There are 2 protein chains.
Amino acid sequence: MKPTVMSLKFTLDLKSGVPFYKQIILQVEMAIADGRLATGEQLPTVRGLAVYLKINPNTVARAYNELEIRGIVTTQQGTGTFISTKEITVSDIEREKILIEITRPFIANARAYGFSLKEVAAYLQSLTDVKETNHA
Amino acid sequence: MKPTVMSLKFTLDLKSGVPFYKQIILQVEMAIADGRLATGEQLPTVRGLAVYLKINPNTVARAYNELEIRGIVTTQQGTGTFISTKEITVSDIEREKILIEITRPFIANARAYGFSLKEVAAYLQSLTDVKETNHA
DNA sequence: CCTAGTGTATTAAAGTATTAGTACAATAGA
DNA sequence: TCTATTGTACTAATACTTTAATACACTAGG
């Protein structure tokens, strides 16, 4: 059975200010993350989802395009859009870039509060010690 | 001696596509993170930096405003903009509370990007190793 | 009180992002 | 091949973002 739009429960928050295509991306990513969409499975068609959400097909297509750029889905004109069978792998360099990006403002903030880098690092380290006893 | 624009080496990349005000925010954050700007120190004045970068004062002001919203700087009309000094006279317990408060969203963010706590802690640790060789 | 220096508010121009309308193109299967 | 189904391209309308011009308001020091 083909995955239906309904089974994925797509919704749009019109008041959030978040662009429709970004909301779609987010919901696809979440559906993959919690297993509602498995690798190889077909996404709702561009038109099908567009009709269901009462938006233009191009908006859905844009979401799918960005997901393809990120390597999350594969699209085939005339056939459909599918969850990539490949693992989502960003390069180590890309990954480090992201880590730097999100860490920088945190460190700036911590220092603004009078914490030294060393102190913050030690705290983070102490947290890992705690967590390790819980699970993986 | 008041901190000068020159001593912080502000620059704008006109071709990057990154908004000027975001570039300024980034450079202030980095200056704090690596110790070139300490708590209590004054940032370049809105006008001073605007003239130096050949942009409108409002653009600098916008950067400073966002930094204030993030709690990184404090502005006083007629006086200047300063790196926040929120540290004073809090107990160790209060201090740890603050650290937990500011660390929690950071960890949440990092995990949302697929980084494990261990991984983040290790990265922070690696940063301290570098910085320690420089100064306090 | 005045003045030089500081940040702020208002408005407008230009660029960019977002979405939709419409038409086109590729694929699979009868 | 034919046709229904799939994604795509192009264009334009609208809203948002970014920056600047200009004028205003607060503060410290003489």
Side-chain angles (χ1 to χ4, degrees), chain A residues 1-5 8 10-28 40-84, chain B residues 1-5 8 10-28 40-84:
Chain A
M1 169 184 142
K2 284 165 66 177
T4 66
V5 173
L8 287 173
F10 276 94
T11 57
L12 289 182
D13 183 344
L14 305 177
K15 294 176 289 185
S16 71
V18 179
F20 295 163
Y21 78 96
K22 284 186 183 170
Q23 294 189 37
I24 293 170
I25 290 172
L26 207 63
Q27 290 178 49
V28 171
E41 233 178 327
Q42 182 173 10
L43 284 174
T45 68
V46 164
R47 269 182 190 69
L49 186 52
V51 168
Y52 177 74
L53 294 176
K54 298 185 177 65
I55 59 177
N56 193 278
N58 278 329
T59 304
V60 178
R62 175 166 184 185
Y64 287 4
N65 275 328
E66 293 223 10
L67 285 167
E68 181 164 38
I69 290 170
R70 301 185 196 179
I72 295 176
V73 305
T74 308
T75 61
Q76 268 194 304
Q77 187 166 342
T79 305
T81 304
F82 304 83
I83 306 300
S84 295
Chain B
M1 165 187 147
K2 285 165 65 176
T4 66
V5 174
L8 287 173
F10 276 93
T11 57
L12 289 182
D13 184 342
L14 305 177
K15 292 177 290 183
S16 71
V18 179
F20 295 164
Y21 79 95
K22 283 185 184 169
Q23 293 190 36
I24 294 170
I25 289 173
L26 209 63
Q27 290 178 49
V28 171
E41 232 177 327
Q42 181 173 11
L43 286 174
T45 68
V46 164
R47 267 183 191 67
L49 186 53
V51 169
Y52 177 75
L53 294 176
K54 299 186 178 64
I55 59 176
N56 192 277
N58 278 330
T59 304
V60 178
R62 175 166 185 186
Y64 286 6
N65 274 329
E66 293 223 9
L67 285 167
E68 181 164 39
I69 289 170
R70 303 185 196 181
I72 294 177
V73 306
T74 308
T75 62
Q76 268 193 305
Q77 187 164 344
T79 306
T81 304
F82 304 82
I83 306 299
S84 294

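So that the names make sense, note that chain A is the first sequence line, chain B the second, and so on, each numbered from 1. Computed from a predicted model, the values in this text were never measured in an experiment.
In terms of phosphate contacts, A:Thr79 brings no side-chain nitrogen or oxygen within less than 4.0 Å of OP1 or OP2 of D:dT5. Put simply, B:Tyr21 has a side-chain N or O that comes within less than 4.0 Å of OP1 or OP2 on D:dT18. One finds a side-chain N or O of B:Thr75 lying less than 4.0 angstrom from the OP1 or OP2 phosphate oxygen of C:dT8. Distances shown here put every side-chain N or O of A:Thr59 at or beyond 4.0 Å from the OP1 or OP2 atom of C:dT18. Applying the 4.0 Å criterion to OP1 and OP2 of C:dT18, one finds that A:Lys22 has a side-chain N or O inside that range.
Between the CD atom of A:Gln76 and the P atom of C:dA28 there is a distance of 6 Å, given to the nearest Å. For B:Leu14 and D:dA20, the CG to C1' distance is 15 Å, given to the nearest whole Å. Taking atom CG of A:Leu53 as the reference point, atom P of C:dT18 lies 17 Å away to the nearest angstrom. Atom CG in B:Leu49 sits about 14 Å away from atom C1' in C:dG7, given to the nearest Å. When the C1' atom of C:dG7 is taken as reference, atom CD1 of B:Ile69 falls 15 Å away, rounded to whole Å. In this structure, B:Arg62 atom CZ and D:dC16 atom P are separated by 14 Å, rounded to whole Å. With rounding to whole Å, B:Asn56 atom CG is found 16 Å from D:dC24 atom P. In this structure, OH of A:Tyr64 is placed 18 Å from P of C:dT18, rounded to the nearest angstrom.
Residue B:Gln76 qualifies as open at atom CD: its count of foreign heavy atoms under 6.0 Å is 12 or below.
Proximity note for B:Gln77 (side chain, C-beta onward) versus C:dT8, D:dA20, D:dT6: the nearest is C:dT8. Side-chain proximity of A:Ala61 to C:dG7, D:dT8, D:dT19: nearest is D:dT8.
Contact record, B:Gln42 with B:Gly80: NE2-CA, 3.7 Å, taken as the closest heavy-atom pair.
Side chains of B:Thr75 and B:Thr81: a donor-acceptor N/O pair is absent below 3.5 angstrom, by distance only.
Residue A:Asn58 places no side-chain atom within donor-acceptor reach of the base of C:dT18, judged by atom type and a 3.5 Å distance cut-off alone. The base of D:dG7 sits with one of its N or O atoms less than 3.5 Å from a complementary donor or acceptor on the side chain of A:Arg47.
Put simply, the side chain of A:Phe20 reaches to within 4.5 Å of the side chain of A:Leu14, judged on heavy atoms.
The nearest heavy atom of DNA chain C to B:Val46 and to A:Lys54 marks one nucleotide each, and the one closer to the 5' end goes with B:Val46.
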Candidate pair B:Ile72 and B:Glu66, rule side-chain contact (heavy atoms from CB on, under 4.5 Å), full reasoning: CA-CA 9 Å; B:Ile72 294 177; B:Glu66 293 223 9; over 6 Å; no
